[in-house]
Amino acid sequence: MALLNYKKVYVMAPYQMHTGGVELSHQLVDYLRNHGKDAYIFYITGMNPLNIVTDDNQVTPAYNKYNIKVANSIEDAKDNVIVIPEALEQTISNSGRRYY
């Protein structure tokens with residue numbers, strides 16, 4: 001799994017949502033953490049502008065069963081990676097940053 005090659009993995013998820021795709025994001029973080037990776041969920045609210053949830057930092061209750069750590073900020077480093085769900089790709093396309 002290519003994600004295992006990064007130092008830190010940040011996975012975006014909408015805050016307080018309980019759907020199959022959001023659960024899969026939590027399962028990914030759980031898998032990575034259980035395999036020794038420094039992996040985090042970071043919750044977002046809104047789309048324009050996109051906001052990272054920083055005031056609560058609690059795992060959405062439906063996902064308490066997973067080994068999850070919440071990030072309220074993202075360390076911008078080339079050996080870190082951000083995983084963005086396909087449905088939320090538009091959140092980065094207008095950010096003015098280049099992503100690879």
Non-neighbouring partners of Asn34 that pass side-chain hydrogen bond (donor to acceptor under 3.5 Å, both in side chains), sequence neighbours left out:
Asp30, Asn67
State which residues pass side-chain hydrogen bond (donor to acceptor under 3.5 Å, both in side chains) with Tyr66; sequence neighbours excluded, sorted by chain then number.
Glu23, Gln27
Per side chain to side chain contact (heavy atoms under 4.5 Å, CB included), Val11 is matched among Leu24, Leu28, Ile68, Ile84 by Leu28
Which of these passes side chain to side chain contact (heavy atoms under 4.5 Å, CB included) with Phe42: Ile82, Val83, Asn72?
Ile82
Salt bridge (charged side-chain N to carboxylate O under 4.0 Å, His left out) partners for Lys37, two or more places apart
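None.
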Distance from [X] atom [atom1] to [Y] atom [atom2], nearest 0.5 Å?
X     : Y     : atom1 : atom2 : answer
Lys8  : Leu32 : NZ    : CG    : 14.5 Å
Arg33 : Asp38 : CZ    : CG    : 7.0 Å
Tyr63 : Gln58 : OH    : CD    : 15.5 Å

Side chains of [X] and [Y], heavy atoms from C-beta outward: is any pair under 4.5 Å?
X     : Y     : value
Ile52 : Ile74 : yes
Met12 : Ser25 : no
Thr60 : Tyr15 : yes
Gln16 : Pro61 : yes
Val70 : Val59 : yes
Thr45 : Pro14 : no
Ser73 : Thr54 : no

Without swapping roles, check the side chain of Tyr10 against the backbone of Glu75 for a donor-acceptor pair under 3.5 Å.
yes
Are Tyr43 and His26, when compared by the centres of their aromatic rings, separated by less than 6.0 Å?
yes
